[in-house]
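The structure under discussion appears below in the form of structure tokens.
Quick note on labels: first sequence line is chain A, next is B, and so on, each numbered from 1. Quantities reported herein were computed from a predicted structural model and do not represent experimental measurements.
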2 protein chains.
Amino acid sequence: MDAHASDTLPSDDLGERLTRSIARIYRRLRAERTSGELGDAAMSVLGHLHRYGPTTLTALSEHERVTAASMSQTVNRLVGLGYVVRETDPADGRRVLFTPTPDGHRVAGDARARRHAWLDAQLAERTPEERAALAEAARVLWEMAEG
Amino acid sequence: MDAHASDTLPSDDLGERLTRSIARIYRRLRAERTSGELGDAAMSVLGHLHRYGPTTLTALSEHERVTAASMSQTVNRLVGLGYVVRETDPADGRRVLFTPTPDGHRVAGDARARRHAWLDAQLAERTPEERAALAEAARVLWEMAEG
DNA sequence: TATTGTTATACTCTATAACTATA
DNA sequence: TATAGTTATAGAGTATAACAATA
């Protein structure tokens, strides 16, 4: 294939550069993240439960910025695959707590390792200054996503 | 809702922080980017054509990192909506060039302005040092996505 | 034969609307 | 009434497999 103008980063405003870079690296990471069985969203949810433990449906949906109805279907798939168990909160019968099974923890751990292999290799090739900029950007982007 | 551990940025390794921040800001930007008519992927393709002009199917699919079959359906929607025209390359009958219609250019321009409103407001609240880190990160992430 | 693109089919992800159950 | 969650349904986005057209 020919070289295209599309393969160069636009040099005008910061907002444009950021959105395009974020979309581009996200698509790249998505390919590393997903396994055969689990898509991007389900893997993200399983990773959250693996890391933080029992979480309600509403909390999951707010964290992932999707509707509760959408999240309900995503966790249903995880339950169906045997990676997550659904339990009613003893303290509030309306709430449901989702928790990974041992299988779920294993899959989440494996996926995290696999997903990080590519990124860590990329980071190792960067200068300390570049890594510092990425660390700072990670913090700032996280805060911006809150707002 | 309660405060959750999920609302704090993990402080261990850079790779983990980056992937989580990128996924989080991507989901946030996606909500700003999509209009009623066009989803994330279609808007991204239209934006590419708006910016760079006539492009082949294969070039589009490689740039967006999806299969040619998937891209064929995405551009089909854009053609159906009257935002893109499909023309056979006179120099190579196998190739198809996609080009925005005037309507397509208008929609792409409007969407870009709308999408940037939120981000530019966020950026304006940051320090010059933070913006510099974001600019550097945008460059580095773009290069990493290539590899 | 190789390259370019399309169609058929299926799955994931998401949304809105309507619903049940608990507080 | 308000909150938490589910189900039904529809549409976007993606993938693989099978195919047609052109080089």
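When the P atom of D/dT7 is taken as reference, atom CG of A/L57 falls 11 Å away, rounded to whole Å. Whole-Å rounding puts the B/E62 CD to D/dA15 C1' distance at 17 Å. Atom pair B/D89:CG and D/dA21:P shows a separation of 19 Å (rounding to whole Å applied). Residue A/L38 contributes atom CG, which lies 9 Å from atom P of C/dT12 at whole-angstrom precision. D/dA15 atom C1' lies 15 Å from atom CG of A/D40, rounded to whole Å. A/L60 places its CG atom 13 Å from the C1' atom of D/dA4, with the value rounded to the nearest Å. Counting to the nearest Å, the C1' atom of C/dT12 and the CG atom of A/L81 are 12 Å from each other. One interatomic measurement links the two molecules: CZ of A/R86 to C1' of D/dT7, which rounds to 12 Å at whole-angstrom precision.
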Determine whether A/L97 and A/T55 satisfy the following criterion, side-chain contact (heavy atoms from CB on, under 4.5 Å), listing intermediate values before the conclusion.
CA-CA 5 Å; A/L97 292 168; A/T55 310; 5.9 Å; no

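In this structure, the side chains of A/R28 and B/M144 stay at 4.5 Å or more apart for every pair of heavy atoms. Under the 4.5 Å side-chain criterion, counting only non-hydrogen atoms from C-beta, A/V45 is not in contact with A/V84. By the 4.5 Å heavy-atom criterion applied to side chains, B/L141 and B/I22 are counted as neighbours.
For the atom pair NE2 of B/H63 and NE2 of B/H48, the computed distance is 5.5 Å after rounding to the nearest 0.5 Å.
A sub-4.0 Å separation between OP1 or OP2 of D/dA21 and a side-chain N or O of B/R95 is absent. For B/T58, no side-chain nitrogen or oxygen approaches OP1 or OP2 of C/dT3 to under 4.0 Å. Considering only side-chain N and O atoms, A/N76 lies nowhere under 4.0 angstrom from the phosphate OP1 or OP2 of D/dG5.
Judged by a 6.0 Å distance limit and a 45° cone about the ring axis, B/R24 is positioned over the six-membered ring of A/W142.
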Do nucleotides 14-23 of chain C as a string where each nucleotide becomes B, S or -: B if the base has a protein heavy atom under 4.0 Å, S if just the sugar-phosphate does, - if no protein is that close.
BBBB----BS

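Cluster membership check: A/V85 does not share its hydrophobic cluster with A/V107, using side-chain heavy-atom separations under 4.5 Å among Ile, Leu, Val, Met, Phe, Trp and Tyr.
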